[in-house]
Amino acid sequence: MVELSGLTLPQLYQLLKDLEREISRRKVEDKHKAIADLQKLAAERGFSLTELLGAEAPSKRGGKRGPVAAQFKNPANPEQTWSGRGRKPQWVADHLAKGGDIDSLRV
């Protein structure tokens, strides 16, 4: 163990920085080892890890969604459309403020 009371403040900050770097390195190392252990266990039972966990890769979860076809159009200007995602366009807000129904704008 390191005796902390004898260290100066800059030494303590350096120690903290070194600890954070070592913890990050070990987390990555331990994660890779755990994955390798799981792959070995799956292989021993005749499976791949992907088969057991599903085909979806972790990087495919979440993130941005792709483009969507227009769901609504402005009756006054059919070139203005909205997918229904994100912030409502002003023409939709105006239509609703006048008592209009969102379904009447559906494509």
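- One finds the OH atom of Tyr13 at 13.5 Å from the NZ atom of Lys17 (value rounded to the nearest 0.5 Å).
- Cluster membership check: Phe47 does not share its hydrophobic cluster with Leu41, using side-chain heavy-atom separations under 4.5 Å among Ile, Leu, Val, Met, Phe, Trp and Tyr.
- With rounding to the nearest 0.5 angstrom, the CD1 atom of Ile35 is 11.5 Å from the CG atom of Asp30.
- By the 4.5 Å heavy-atom criterion applied to side chains, Trp82 and Val92 are counted as neighbours.
- Counted within 6.0 Å of CZ on Arg85, heavy atoms from surrounding residues, nucleotides or ligands total more than 12; the atom is thus considered enclosed.
- The CG atom of Leu105 sits 12.0 Å away from atom CD of Gln71, with the distance rounded to the nearest 0.5 Å.
- Rounded to the nearest 0.5 Å, atoms CG (Leu38) and CG (Leu52) are 9.5 Å apart.
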Start with the C-alpha distance between Asp103 and Arg106, add both sets of side-chain angles, then the distance that settles salt bridge (charged side-chain N to carboxylate O under 4.0 Å, His left out), and finish with yes or no.
CA-CA 5 Å; Asp103 288 326; Arg106 288 206 180 268; 3.0 Å; yes
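- Rounding to the nearest 0.5 angstrom, the gap separating the CG atom in Leu19 from the CD atom in Gln14 is 10.0 Å.
- The shortest non-hydrogen separation linking Val107 to Ala70 is CG2-O, 3.8 Å.
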So Lys40 and Asp37, salt bridge (charged side-chain N to carboxylate O under 4.0 Å, His left out) or not? Walk me through it.
CA-CA 5 Å; Lys40 181 180 175 189; Asp37 290 347; over 6 Å; no
*Stepwise side chain to side chain contact (heavy atoms under 4.5 Å, CB included) check, Leu4 with Leu15*: CA-CA 10 Å; Leu4 301 178; Leu15 180 60; 3.6 Å; yes
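- For the pair Ala42 and Ser48, the tightest heavy-atom approach, listed with the atom from each and the gap, is CB-C, 4.1 Å.
- Counting all heavy atoms, side chain and backbone alike, Ser104 lies closest to His95 at OG-NE2, 3.0 Å.
- Here Leu16 contributes atom CG and Arg21 contributes atom CZ; the two are 11.0 Å apart, rounded to the nearest 0.5 Å.
- Counting heavy atoms from C-beta on, the side chains of Lys88 and Leu96 come closer than 4.5 Å.
- The local environment of CZ in Arg26 is sparse, with at most 12 non-hydrogen atoms from other residues, nucleotides or ligands closer than 6.0 Å.
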